[in-house]
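Both ligands and their constituent atoms are indexed starting at 1 by order of listing.
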Amino acid sequence: MNTLGFRVIWRMTTPPGDGQMAAHARFRTQNLIAGAWAGSHTGRTFAVSNPATDEHLADVPDCDEKDIARAIDAAVVAQRNWARMPAPERAKIIRRCADIMHDRIDDLATIMTLEQGKPIAEAAGEIRYAASFLVHAAGEAERVYGQTIPSSFEDKHILAIRQPVGVACAITPWNFPSAMITRKLGPALAAGCAMIVKPAELTPLSALALGDVCIDAGVPEGLVSIITGDAATIGKAMFADFRVRKISFTGSTEVGKILVRQSADNLQRLSLELGGHAPFIVFEDADIDAALDGAIACKYRNGGQTCICANRFIVHRSVHDAFVAGLVERSRALKVGIGTEKDANIGPLINDDAIEKVDRHVADARAKGATIHCGGERAKVNGGADRFYQPTVMTGITREMVCWNEETFGPVCPVMVFDDEDEAINLANDTEYGLAGYFYTRDASRLMRVAEALKFGVVGANDASPSTAQAPFGGVKMSGFGREGGHFGVSEYLDTKYVSWNVS
Ligand code: SIN
């Protein structure tokens, strides 16, 4: 590490100049707190390593309440000035953040692949996706409109105005280390809020790299802090401070429930994007090739470690065999490998717990009678840790199997058969989760009927990649509440106030 708190990555596995890897990428190893790079006040750190190889990447600060308090103090002051700044100027700064992300895409993608494991091309895709949230939010900053409302009294006018909630906090996951930050940060800044970002302990380096992006784009000092450390300690400190008025969390349902309880004392607003268990229905009239393309893209995105990825394939009996044959052929064609290798399609699972969960789900299905058509075991990867899993297709899935009831979060396709539309809808809705659901059909009437019947916040109708910065992303039921994206996302950071104006 040098004195500026960087660790330069000179030991890249792929030679520079191939357009894929940034040999000069560097890790920030300090936190952005109150406008300056700093360690934790205790000097404590924790280690970050590469899930593909177990290589030690960096040590980052293990912050606690005292560090958080400094960030909040600075955020309160910075937010007041930021909210006063004309919206077009705020928009310009937010847009500049996106431009810088594009300029640094190789570095940012490299950092992401090293700490998270996803293939480098996918990491670059995530950087573009992450930047798109900033671009869209910048536009929304200029469209935070209020309303005038007709009053029942002739001497009164009612004005409804929308104002920033104040200081907000983002608690973000390891599976999308950049996009899940900008999806919160962009709207927060657009609304006129300050934000303290607490990234996942497994992937803090992408978040810290965004700190540099913010500084270089001209984000005012103290407006954005990026703090690493133990989730429980930092979360508790955020909820304990009345000045933090909004917390947006992406992660597990289990943690989401804890946050709801913690928000009670200070009544902070929450947005929770929690677990999913997405069904993927293929009707008898579907375009099977399109459904297969969608299935592969959706299921194997980030190696299946995506909250909205297909978890349960529900396929009409008449097309079952053809769909399964195509799924197996396409799954076998995918290369499992270290994400920094150019041709890898599927990287490692994030940690040992994650791969053990996949092992358990597959073993349970096998023991209960499922047929494994491909995969079904860990993959050996040259120079890699024992954390890779083969793309797996299983049929003969029943409701008793664990994979039917729990999100696997790995590269596994369990396929169940159905006979009629009602049965497919009931099977799809047979879960407490409600984040995303998909179906393929060429029948326009069925399309609308099924879209309405599915109990999910996001429905992909002949579309397995529905995510985009303009749309109101979020779940129902145990998948949480609140929406991210578009003007819906900005509203999460705004309070509505009405002014009753006596004009007599
Ligand atoms: C997620 O897995 O939570 C995010 C996926 C997306 O934004 O498409």
Side-chain angles (χ1 to χ4, degrees), residues 101 112 116-119 121-137 170-187 197 199-200 202-203 206-207 248-256 259 270-280 294-312 346-347 349-350 354 357 406-412 433-438 456-461 463-486 488-489 492:
M101 289 185 77
M112 188 185 300
Q116 201 276 339
K118 67 179 63 178
E122 239 186 285
E126 182 180 335
I127 298 301
R128 284 189 283 273
Y129 180 46
S132 76
F133 286 109
L134 297 170
V135 172
H136 191 79
I171 305 178
T172 59
W174 53 263
N175 59 344
F176 287 87
S178 287
M180 296 306 106
I181 294 178
T182 55
R183 184 181 245 168
K184 301 176 192 309
L185 181 62
V197 178
L202 291 165
T203 55
S206 296
S248 178
F249 169 71
T250 298
S252 72
T253 297
E254 195 188 347
V255 173
L259 303 190
L270 280 179
S271 298
L272 301 176
E273 197 260 273
L274 308 177
H277 194 28
F280 189 108
I296 295 292
C298 184
K299 174 70 251 185
Y300 295 118
R301 181 174 173 216
N302 198 14
Q305 302 174 105
T306 304
C307 303
I308 61 165
C309 75
N311 246 341
R312 298 171 293 141
I346 298 190
L349 276 295
I350 189 71
K357 184 176 189 192
E406 281 177 31
E407 189 179 27
T408 306
F409 236 54
V412 178
Y433 294 95
L435 186 55
Y438 306 91
F456 298 87
V458 179
V459 171
D463 181 12
S465 309
S467 303
T468 177
Q470 299 78 22
F473 186 93
V476 296
K477 303 192 285 181
M478 290 298 205
S479 294
F481 45 77
R483 290 294 176 266
E484 300 191 292
F488 306 90
E492 301 277 338

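- Counting atoms of ligand 1 from 1 in the listed order, those under 4.0 Å from a heavy atom of T306 are 2 (O), 5 (C).
- For ligand 1 and N175, the ligand atoms under 4.0 Å from any heavy atom of the residue are 2 (O).
- The heavy atom nearest to atom 2 (O) of ligand 1, considering only A471, C307, G251, is found in C307.
- The pair E492-R483 does not meet the salt-bridge criterion, since no charged nitrogen lies less than 4.0 angstrom from a carboxylate oxygen.
- With S479 as the fixed residue, the side-chain contact (heavy atoms from CB on, under 4.5 Å) test singles out one of L435, V458, L272: L435.
- Taking every non-hydrogen atom of S467 and a distance limit under 4.0 Å, the qualifying atoms of ligand 1 come out as 6 (C), 7 (O), 8 (O).
- With hydrogens left out, the protein atom closest to atom 3 (O) of ligand 1 is E273 OE1, 3.0 Å, a heavy atom.
- Here the NZ-CD1 distance, from K299 to I346, works out to 9.5 Å after rounding to the nearest 0.5 Å.
- Taking a cut-off of under 4.0 Å to the non-hydrogen atoms of Y129, the atoms of ligand 1 that pass are 6 (C), 7 (O), 8 (O).
- Separating the OH atom in Y433 from the CD atom in E407 is a distance of 7.0 Å, to the nearest 0.5 Å.
- Within the structure, the closest approach of R301 to ligand 1 falls below 4.0 Å when heavy atoms are considered.
- Relative to the six-membered ring of F249, K184 misses at least one condition, a distance below 6.0 Å or an angle of at most 45° to the axis.
- In this structure, the protein non-hydrogen atom closest to atom 4 (C) of ligand 1 is M180 CE, 3.7 Å.
- Within the model, atoms CD of Q116 and CD1 of I350 stand 5.0 Å from one another, a figure rounded to the nearest 0.5 Å.
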